[in-house]
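To keep things clear, I will list the structure first and then write my remarks on it.
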Protein chains: 2
Amino acid sequence: MKTSLGPKPIAYPTPVYIVGTYDAAHKPNVMAVAWGGICCSKPPCVAVSVRAATYTYGNLKERKAFTVSMPSLDHVREADYFGIASGRDVDKFAVSGLTPVGSDVVDAPYVAEFPLVLECKVVHVAELGLHTMFVGEILDVKVEDACLDADGRPSGELLKPFCWTPIENQYYALGDKLGKGFSVGKALAP
Amino acid sequence: MKTSLGPKPIAYPTPVYIVGTYDAAHKPNVMAVAWGGICCSKPPCVAVSVRAATYTYGNLKERKAFTVSMPSLDHVREADYFGIASGRDVDKFAVSGLTPVGSDVVDAPYVAEFPLVLECKVVHVAELGLHTMFVGEILDVKVEDACLDADGRPSGELLKPFCWTPIENQYYALGDKLGKGFSVGKALAP
């Protein structure tokens, strides 16, 4: 039996994306975003949604570029802080002690200490309501060498990403492996 | 030290969304989607991206409505199957033995056995390339009673959702709790 909760933004889990932008004075800023996801394979694109009230919104409108740095569970505290403070008031890199690196392909900074980075130029903007969705074409992906497996591919076990759950408001690590995609379901294919 | 992987659609983790639609003959169909995410809080919206070649694409264009059913880890095999087979060729509900339920708020079916369901009308479409992004306004959320905590809120531990990782192509359960959002980062706030 299901209970109706009404119209709410709920999905389990959501990602923890750290969106990096420069402001007008070229000050690097980062913001934690749970409303986002990959949205196209070719060209590869990722969507991130931010409120117009955020400092990141103005930067995205101005620079038309951003990065997404994905933290490992070693940096839950810093990632959460990036969703609490505003770049309008503080230098979040300075406060957190993490290191901004200027992307070599787009006009935006990423977090040196975070193992997986997408570098994006804005190709589509949708004003949806409280949030505006910015779709970025991913021009490059950079991964920490220590997080690549023997075949040179990103590994969930080595990247140690984490996710978040709305309403419950909880960060979770990845847990047990449950099987390979496009594989475990073949048992059902007629 | 980071290695450049070039432009690729990589994010860790991605969701496992089961997108439910009706075809022209009112046959219920479901498709597994990893490219998606919540994209607005007010009105609550969720984005899902599908290729034009899929059966779901035609249904979305025609009906302008869909559901997102989120499976628990009891149904990894069925969810994976929903990403392998096409509704053009088979009745995926019949093959999997799962039960279609017609939404009472939108013109689309959801999966009775899956614990968390979003019911959506299409409000924005973006042709991004290989994938088309459909943004749905969430008109209702339905949750299995057994997955609500003592305060009537969805619980990750009870919902037991799972996620997927691209390239690695692996399903993962949720793991350890790492702390509360908008909380663990306060230690850094000046």
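Proteins come first, then strands; the chains are lettered A, B, ... in the order of their sequence lines, and each starts at number 1.
Between the side chain of A:Y171 and the main chain of B:V184, no donor-acceptor pair closer than 3.5 Å is present. Using modelled atom types, no side-chain atom of A:D176 and backbone atom of B:A173 make a donor-acceptor pair closer than 3.5 Å. The main-chain N or O of B:C39 is never found under 3.5 Å from a side-chain atom of A:H131 such that the two would form a donor-acceptor pair. In terms of modelled atom types and a separation under 3.5 Å, the side chain of A:E78 and the main chain of B:G185 share no donor-acceptor contact. Remark: the backbone N or O of A:S155 is not paired with any side-chain donor or acceptor of B:E168 at under 3.5 angstrom. Side-chain atoms of A:D140 come within 3.5 Å of backbone atoms of B:G6 as a donor-acceptor pair (strictly under, hydrogens ignored).
Taking every heavy atom of both residues into account, B:I167 and A:P154 meet most closely at CG2-CD, 4.0 Å. Contact between B:P44 and A:P7 at its shortest, heavy atoms only, is CG-C, 3.5 Å. Taking every heavy atom of both residues into account, B:D80 and A:F182 meet most closely at OD1-N, 2.6 Å. Scanning all heavy atoms of the two residues, the minimum distance from B:L159 to A:Y12 falls at CD1-CD2, 3.3 Å. Residues B:Y17 and A:A11 come closest through the heavy atom pair OH-CB, 3.4 Å. Taking both residues in full, the closest heavy atoms of B:M1 and A:E144 are given as N-OE2, 2.6 Å, listed atom of the first, atom of the second, then distance.
Your options are A:A126, A:C45, A:G152, A:G179, and the one with the most heavy-atom pairs under 4.5 Å with chain B is A:G179. Ranked by non-hydrogen atom pairs under 4.5 Å with chain B, the options A:G97, A:G37, A:G129 are led by A:G129. Comparing A:H124, A:K92, A:R153, A:E119 by heavy-atom pairs within less than 4.5 Å of chain B, the highest count is held by A:H124. The residue among A:V143, A:D149, A:L73, A:D89 with the most heavy atom pairs within less than 4.5 Å of chain B is A:V143. If you tally non-hydrogen atom pairs under 4.5 Å between each of A:K142, A:K177, A:K42 and chain B, the highest count goes to A:K177.
Hydrophobic cluster membership differs between B:L188 and A:Y55, with clusters built from Ile, Leu, Val, Met, Phe, Trp and Tyr side chains linked at under 4.5 angstrom.
Heavy atoms closer than 4.5 Å to chain B are found nowhere in A:V46, neither backbone nor side chain. Heavy-atom distances place the side chain of A:V135, and not its backbone, under 4.5 Å from chain B. Both the backbone and the side chain of B:V141 come within contact range of chain A, judged by heavy atoms closer than 4.5 Å. Contacts of A:I10 with chain B are made by both backbone and side-chain atoms, with heavy-atom separations under 4.5 Å. Contact of B:E157 with chain A is made through backbone and side chain together, with heavy-atom distances under 4.5 Å.
Contacts of residues 110-118 of chain B with chain A at a heavy-atom distance below 4.5 Å involve B:Y110, B:V111, B:A112, B:F114, B:P115, B:L116, B:V117, B:L118, listed in sequence order.
Here A:C40 contributes atom SG and B:L130 contributes atom CG; the two are 6.0 Å apart, rounded to the nearest 0.5 Å. The distance from atom CD1 of B:I38 to atom CE of A:M133, rounded to the nearest 0.5 Å, is 10.0 Å. Remark: A:F162 CZ to B:L174 CG distance equals 13.0 Å, nearest 0.5 Å.
Contact of the A:I84 side chain with the B:K186 side chain is registered, since non-hydrogen atoms from C-beta on lie closer than 4.5 Å.
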